[in-house]
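Each chain gets a letter, A, B and so on, in the order the sequences are listed, and its residues count up from 1.
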Protein chains: 2
Amino acid sequence: MGAKRGPADPERRERIMAATERILLDGGIAGLSHRAVAREAGVPLGSTTYYFATLDDLLEAAIRRLSERYAHRLQRWGSQLGTLSRAELVEALADLVETQLRESRAELVLSFELASVAMRRPELREAALLYAETEREVLAVHTDERTARALSRILDGLLLQSLASATPPTRADITGPLEALLSP
Amino acid sequence: MGAKRGPADPERRERIMAATERILLDGGIAGLSHRAVAREAGVPLGSTTYYFATLDDLLEAAIRRLSERYAHRLQRWGSQLGTLSRAELVEALADLVETQLRESRAELVLSFELASVAMRRPELREAALLYAETEREVLAVHTDERTARALSRILDGLLLQSLASATPPTRADITGPLEALLSP
DNA sequence: GTTTTTTGTGTACGACCGTACATAGATCCG
DNA sequence: CGGATCTATGTACGGTCGTACACAAAAAAC
């Protein structure tokens, strides 16, 4: 019952998952295939099917990693904030939206794609919801639970329409709905 | 320059588009192929490629039809309403959300899938935005433009999370964000 | 050492696909 | 009538894919 067996190249698995993430981020689920991953990772086809027998295994592993990274980023953002007034929270959230759109576009697109795929494939639901859960948890630190849920909805709508439309949203597009919700 | 030429079976094109809609609605874009449409419509493969040479032609035609039908439904909903108080508008919108989730689930799922695909393929953007545009127009009849935009965002977020999550939203889940926005 | 287990690879099968294209039938124009 | 034009179909090429599987190499167990 040794802990390590076989040629034990622990990088192998890592490299394959990293390649999978890259493929998902820039081609979406449609671009995912064992062969594409093998090419991207520089390993033979047999390696990808050995570690991840089915496409869903590959997908699930990559999604889990991406979600965890996203969660950490959100939590870091949350912990850098002190206690905020409502007005300050609006500005902080608007900054968050703008930053995400600028710096994490690919991750956002993928998370929406995942959500839409999960609507047809319940087995992917858990993976898809990791994003939303983290979001709500972080928001709940700064408001009550109910407002956090509403905020999460607005943020999703904002991000969705921003990513789908041709022109980026103005600051007012973002702050408008947030203010409406956060001004009691 | 006669209006009709050839064997002129006008149902042919119709049948193919109708079959395409059915395939998109229950299998999503991933299930779309010339062959699948041919099978569904009961026509030979050559027919589908004759009327719609590329997959995108097929997709665009079907999406346009679906969007128009969706727009009509929304407009009918809008015109059945008289002038409403803010509180009445909240209830009417919540009813709309619940009805859509119950009766037009497949259309909603497809519209989100389209939106997420359009994020990677700008040529599909126009088709994907038809849904959102109509929504905003109808909403703008009952509130000012700015509120309509915010509402549209909230509705998208609500529908997205409702479709992606395992359990349907409670009435409070729906009315919460709407009230927050519509109570000045 | 020998056997057993795990790690890793190459190949091949059957399926599906988009699209091109040669061809056939129908209709219209003159 | 005879072309010209449009409608409609069958087939076939070249490609991608998931997955199974036989097999080799390395490590572990004995």
*asked:* Which residue is it: L155(B), L89(B), T147(B)? I am looking for the one with a side-chain contact (heavy atoms from CB on, under 4.5 Å) to L139(B).
replied: L155(B)
*Between dC17(D), dT9(D), dC17(C), which nucleotide has the shortest distance from any of its atoms to the side chain of S47(B)?*
dT9(D)
*For T49(A), which contact category applies under a 4.0 Å heavy-atom criterion: base, sugar-phosphate, or nothing?*
base
*How close or far is atom P of dC17(C) from atom CG of L45(B), stated in whole angstroms?*
10 Å
*Count the heavy atoms belonging to other residues, nucleotides or ligands that lie under 6.0 Å from CD of E137(A), then report whether that count exceeds 12.*
yes
*Indicate whether OP1 or OP2 belonging to dT9(C) is found under 4.0 Å from a side-chain N or O atom of R12(A).*
yes
*Can you check the D56(A) CG to dG18(D) P distance for me, whole Å?*
11 Å
*Between dG18(D) atom P and R35(A) atom CZ, what is the distance in whole Å?*
7 Å
*Can you check the F52(A) CZ to dG18(D) P distance for me, whole Å?*
15 Å
*Over how many whole Å does the gap from Y50(A) atom OH to dA24(D) atom P extend?*
17 Å
*L55(A) near the nucleic acid: base, sugar-phosphate alone, or nothing, with a heavy-atom cut-off under 4.0 Å?*
sugar-phosphate
*When the nearest nucleotide of DNA chain D is assigned to T54(A) and to V43(B) on a heavy-atom basis, which residue is associated with the more 5' position?*
V43(B)
*How many angstroms lie between atom CG of L93(B) and atom CD1 of I174(B), to the nearest 0.5 angstrom?*
10.5 Å
*asked:* Distance check needed: dT7(C) P versus R13(A) CZ, whole Å only.
replied: 10 Å
*Rounded distance (Å) that lies between atom C1' of dC17(C) and atom CD1 of I29(B)*: 17 Å
_Whole-Å distance separating the NE2 atom of H34(B) from the C1' atom of dG10(D)_ = 16 Å
*Could you walk me through whether H72(A) and T134(A) pass the side-chain contact (heavy atoms from CB on, under 4.5 Å) check?*
CA-CA 9 Å; H72(A) 284 142; T134(A) 305; over 6 Å; no
